[in-house]
Amino acid sequence: MSYRFREIEKKWQQYWAKNQTFKAENNSGKEKYYVLDMFPYPSGAGLHVGHPLGYIASDIYARYKRHKGFNVLHPQGYDSFGLPAEQYAIQTGQHPAITTEENINTYRRQLDRLGFSFDWSREVRTSDPRYYKWTQWVFIQLFNSWYNINSDKAEPIDDLVVRFKKEGSAGVNAACDEDTPTFSAPEWKQFSDKEKERLLLKYRLTYLADTEVNWCPALGTVLANDEIANGVSERGGHPVVRKKMTQWSMRITAYAQRLLDGLEKIDWPQPLKDAQSNWIGRSVGAEVEFRIQNSEFRIPVFTTRPDTIFGASFMTLAPEHGLVPEITTPVQKAEVEEYIEATARRSERDRLSGVDLITGAFTGAYAEHPFSKEPIPIWIGDYVLAGYGTGAVMSVPCGDQRDYDFAKHFNIPIPNIFKGVDISEEAFADKENTIITNSDFLNGLSYKEATKEVIAQLEKIGRGKGKINFRLRDAVFSRQRYWGEPFPVYYVDGMPKMIPEEHLPLVLPEVEKYLPTETGDPPLGNATTWAWDTGQSTVVSNKLMDHRKVFPLELNTMPGWAGSSQYFNRYMDPHSEEQIFSREAVNYWRQVDLYIGGIEHATGHLLYSRFWQKFMFDKGLVPVDEYAKKLINQGMILGTSAYIYEVIVGTIAVDYSAFIGKPLKDNSDIFISSDRIGLIGYEPNYLGFMETIQSKKIFDLIKNKISDLAEYYFNENGIEYQLGLKVLRRHVDVSLIKGENELDIKSISSNPNFREDIIFYLNDNGRFKVEREVEKMSKSKFNVVNPDAICEEYGADSLRMYEMFLGPLEQAKPWNTAGITGVHSFLKKLWRLYHSGPNAQFYVTEDSNGAGADHGERGEVFKTLHKTIKKVEEDIQNFSFNTSVSTFMICVNGLLAQKCTSRAILEPLAILISPYAPHIAEELWALLGHRESISTAPFPKFEAKYLVEDRKEYPISFNGKMRFTMELPLDMDKEEIEATVMAHEKTQRQLQGRIPKKVIVVPGKIVNIVG
RNA sequence: GCCUCGGUGGCGGAAUUGGUAGACGCGCUGGAUUCAAAAUCCAGUUCUUUCGGGAGUGUGGGUUCGAUUCCCACCCGAGGUACCA
């Protein structure tokens, strides 16, 4: 019988579903093991072969752990809130819930086809009210908490109120807003309720604040830093601008140190840990207070080099710094205001263009040096960021290149405080290799000593203290979108109130349209039934808002990372209605043992979820403060895409400055004049392409195309324009390319603006210039490979094994469908191994008695088997799945050559391979006479006795180069080996009469003759 | 710039503490089987060679009897991050 994979796979998938083979129990005598995948966002495009890579790996591991006797939790679900469904809703009016449901069904069908051992009874969907009820619940817990730095944990906000009543804010050491005032107990009591609320908001772990946010006008929403790449939105590539808005924020900064410390106790990949710790960005230094001369104002600065304080010859404030208007002298006022305006105008594009213009303005004010009492001029400059530290720096030009450049540019003195260091050309930033001088009491000290000393002195005179600063910012938690979790929040007199927990979930309302309202409110502003009736504790029509007990509900929704910050815990007890999850469940499963997912979430989901977990830990809801013990980042599977160059004739404003230094990659701007065509700007990597453009042939082609457009320059509204060509790199479907690189223009002219006279394609020798590149699979690049087609042609087991066989799990690898025939024919061979009877019938021999025989033919097959057991088990433990596939190939090739038919070999082999190719393994297992699924059969035990050898093929090397081999008994000692080797005629031929200087013999390993 | 990872045949990749470089698979070449094709099977496949051998893991050094592996310097590629004081 031949290997009928379609039949077999369908049969076992149905069997597993029907028997709930992979259902995990919350109480079990077995040891637990929790294997988690990052749950997918169900996009409309369905899965491509890159998606399941991590799922296959985790499935192999989960199945292996079941064979090893563990109670394995291997759940799956959907991160089903998100922008694409909403965008689709905007375009079509289709409710996102409907498209999401459809997409989930497609995903489920595709996932099922791959034979994963998921426990689907635990499925969660972030957009399901039964799930987001608990997302909202956690939000309320955050709102009701503050961070006590003294106890280093989150505590109930009610406790804080009690303290305020008793002692005021004195003695409270909280992670709170910068501008939080201090007050006494009597003052607290006198505050109005609203005033109290406003103050408490500065302490809560989630709070409302006017934050400068990344506003994306095209998407109509705020984006997190990790949703922006190169100044444009990650989705869609729309421009992003800074804008102030009232937003919910998460006080993740309170956890900065713990997030950093926690990295040390988790087994996560180093690059990922590095990305997180850079993102958190801890720097140790000091805060120094500078007093403004003739004024009450004091400006604290943060510095990592307090040792250089005597080198500070000026101060620089961010242009947005709050004190700038206060301290600027009348004489400088105009200049400063003009500069501030210019900075605000400075577009994102300029900032990205890498133009390092040194700009700034003098405020006319002077600060007093805390030690020397010398006057220090105060400047403003946009190289100082408002959002980091205190938004002000003490500028030490001799020790910091930016300060140095600024000082040079504005002719500010550059005092040298480094002994024997030349600073005539550049600043000296090396803190280790110098001695401080010209610095009063710091003279003669090293960086380390001086830092310690200066902090001590600052503290003594009350002008500063040692301080640790973090780059990490609080996370904005509001999104102006429809398809997300509604906040369980309503507003009374502008102050936020939480909906009582017993009335959760607050279900997302229906809206007429999914766009922002005409007044600029988020889409929820379109809902007509979106007000909270505090009397009836229910959502009511907005019209009732005149009633004194009915209040407006929050119009923002939560970001994508809200739902993904707790799904791993919810899986432990996914149907719990009374509580987020039961204590028993979370105490049993505790934490994820193995988490597999992409590194792209390094500073997003993987950081936020750690924060969320730590909060849950502080609240006593979870037993551990790191939720994933071990994490593996699977590499991307890349597709091969083809692209051509599309040339569009158009106009560009002649403003070359904007292009200087700008990387010209996908879209290049090209200019043309009467005799020249070239790139605007300069990009060395593009020289090759530039030459093509500049070649006479192409030049003539372009000129002919545009010959009727005689004017190369024209002027409009005072702006000079130049006739230009926009060259776009455009992806084309690989399947449209004929022959080598031939392409029919009509087949790719899907461009709605296509007009052959204004848009044309670069070609070369009559052929279109087609280039190929290996890159991330994406529908828009026409390079996706659908797993359904692969399953149809080769089967899921082949696909699973091939994906593993491609290369190391963590590495990016190009996909090449042609290669799958290798593993597919391997599976056919495996099948044949069990079907050696007449007419290829299933055939095993029961001669397994005396399995311990070490010699003869049987000994050989046992050796083959046990070598395989050893290697495969080691590979699984090292997540080196690619090498175990080749081990299986070697094993099956060996057993076929050995004509093995013995049950004692074939039965363990089926178990060994079942994590990788579960369908064929189940089928063989059943043919071997078993009635139960193979999934919990004990993993074969490796026995070293089968591998014992008594002879060894010794490599004989000369000066480290292997020249030939010699088979010798392993019990031969050094001297005997040397004598035997030296006596060999090949040795003598190699030596050609020379006498060897030395002979190295490593018994059991190698012989090296040094001559 | 900084941080991280990587660089091995035509391709994907293997080599566990330094010990036979190129396992396994794709592709390619030749052969068997077949009326023929598909499928399958067998042999070969780093380069070079005067067929003895010689060279070879990005480059140049070093340590060692011996280096893809360890050390130093550099080059190239990928990803992340960037006026962070």
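Chain naming here is simple, since letters A, B, ... match the order of the sequence lines and numbering starts at 1 in each.
The gap from the P atom of B:U40 to that of B:G77 amounts to 41 Å, rounded to the nearest Å. With both ends at atom P, the span from B:A15 to B:A32 equals 38 Å, rounded to whole Å. Rounded to the nearest Å, the gap between the C1' atom of B:G61 and that of B:A67 is 14 Å. For the C1' atoms, the distance linking B:G79 with B:U29 amounts to 40 Å, nearest Å. Rounded to a whole angstrom, the distance from the P atom of B:C70 to that of B:U17 is 10 Å. When the P atom is used for both B:G52 and B:G9, the distance is 29 Å, rounded to whole Å.
Residue A:E978 holds its CD atom at 10.5 Å from CG of A:D973, rounded to the nearest 0.5 Å. With rounding to the nearest 0.5 angstrom, the CD1 atom of A:I599 is 9.0 Å from the CD atom of A:E810.
What separates CD of A:Q634 from C1' of B:G79 is a distance of 15 Å, to the nearest Å. Atom-to-atom, CG of A:L53 to P of B:G12 comes out at 17 Å; the value is rounded to the nearest Å. Rounded to whole angstrom, the span from the CG atom of A:N959 across to the C1' atom of B:G54 amounts to 14 Å. Atom-to-atom, CG of A:N633 to P of B:G6 comes out at 13 Å; the value is rounded to the nearest Å. Residue A:Q401 contributes atom CD, which lies 12 Å from atom P of B:C84 at whole-angstrom precision. We find that CZ of A:R305 is positioned 15 Å from C1' of B:C84, with the value rounded to whole Å. One atom, CG of A:D274, and another, C1' of B:G6, lie 15 Å apart when rounded to the nearest Å. A:L472 places its CG atom 12 Å from the C1' atom of B:C84, with the value rounded to the nearest Å.
The side chain of A:Q811 contributes an N or O atom lying less than 4.0 Å from OP1 or OP2 of B:G13. Between A:R471 and B:U81 there is no side-chain N or O to OP1 or OP2 distance below 4.0 Å. The side chain of A:S283 places an N or O atom within less than 4.0 Å of a non-bridging phosphate oxygen (OP1 or OP2) of B:A85. Side-chain N/O atoms of A:R832 include one lying less than 4.0 angstrom from OP1 or OP2 on B:C41. Close to B:U40, at under 4.0 Å from its OP1 or OP2, lies a side-chain N or O of A:K828.
Judged by atom type and distance alone, A:Q270 does not reach the base of B:U4 through any side-chain donor-acceptor pair under 3.5 Å.
Judged by Watson-Crick or G-U wobble contacts below 3.5 Å, the nucleotide B:U81 has B:G1 as its partner. Using the Watson-Crick or G-U wobble rule with both distances under 3.5 Å, B:A37 pairs with nothing in any strand shown. Searching all strands for a Watson-Crick or G-U wobble partner of B:G18 with both distances below 3.5 Å returns nothing. As the counterpart of B:G27, B:U45 is assigned, both hydrogen-bonding distances of the Watson-Crick or G-U wobble pattern falling under 3.5 Å. B:G6 is paired with B:C76 under the Watson-Crick or G-U wobble criterion, all donor-acceptor distances under 3.5 Å. In this structure, B:U68 forms no base pair with any nucleotide, since neither Watson-Crick nor G-U wobble geometry is met with both distances under 3.5 Å.
Residue A:S880 is the one, among A:T390 and A:S880, whose nearest nucleotide of RNA chain B lies closer to the 5' end (criterion: closest heavy atom). Between A:R963 and A:I599, the one whose closest nucleotide on RNA chain B sits nearer the 5' end is A:R963.
For A:F470, there are no ring pair (Phe, Tyr, Trp, His ring centres under 6.0 Å) partners at least two apart in sequence or on another chain.
Between A:F410 and A:W379, the ring planes are tilted. Angles from 30° to 60° get that label. The aromatic rings of A:Y3 and A:F5 are tilted relative to each other, their planes meeting at an angle between 30° and 60°.
Closest to the side chain of A:R402, out of B:U81, B:G12, B:C83, is B:C83. Closest to the side chain of A:E874, from the set B:A14, B:U16, B:C65, is B:U16. Listed candidates were B:U4, B:A14, B:G54. Nearest to the side chain of A:P271 is B:U4. Comparing B:C65, B:A85, B:A55 by their closest approach to the side chain of A:V393 singles out B:A85.
Sparse packing is recorded around CD of A:E178, with 12 or fewer heavy atoms of other residues, nucleotides or ligands lying under 6.0 Å away. Around NZ of A:K952, the count of heavy atoms belonging to other residues, nucleotides or ligands within 6.0 Å exceeds 12.
Residue A:P808 is classed as a sugar-phosphate contact, given heavy-atom separations below 4.0 Å to backbone atoms only. Within the nucleic acid shown, A:V384 comes within 4.0 Å of at least one base atom, counting heavy atoms only.
A:R610 is listed as a side-chain neighbour of A:L263, based on a closest heavy-atom distance under 4.5 Å.
Aromatic ring centres of A:H824 and A:Y802 lie farther apart than the 6.0 Å criterion allows.
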For every nucleotide of nucleotides 18-26 of chain B, 5' to 3': is a protein heavy atom under 4.0 Å from its base (B), only from its sugar-phosphate (S), or from neither (-)?
-BBS-BBSS

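Base orientation for B:G9: syn, the chi torsion being within 90° of 0. With a glycosidic angle no more than 90° from 0, B:G52 adopts the syn conformation.
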Throw together a table of side-chain donor-acceptor distances under 3.5 angstrom for residues 997-1011 of chain A, partners on residues two or more places apart or in other chains.
| unit_1 | atom_1 | unit_2 | atom_2 | d |
| --- | --- | --- | --- | --- |
| A:N1008 | OD1 | A:S957 | OG | 3.2 |
| A:N1008 | OD1 | A:N959 | N | 3.4 |
| A:N1008 | OD1 | A:G960 | N | 2.9 |

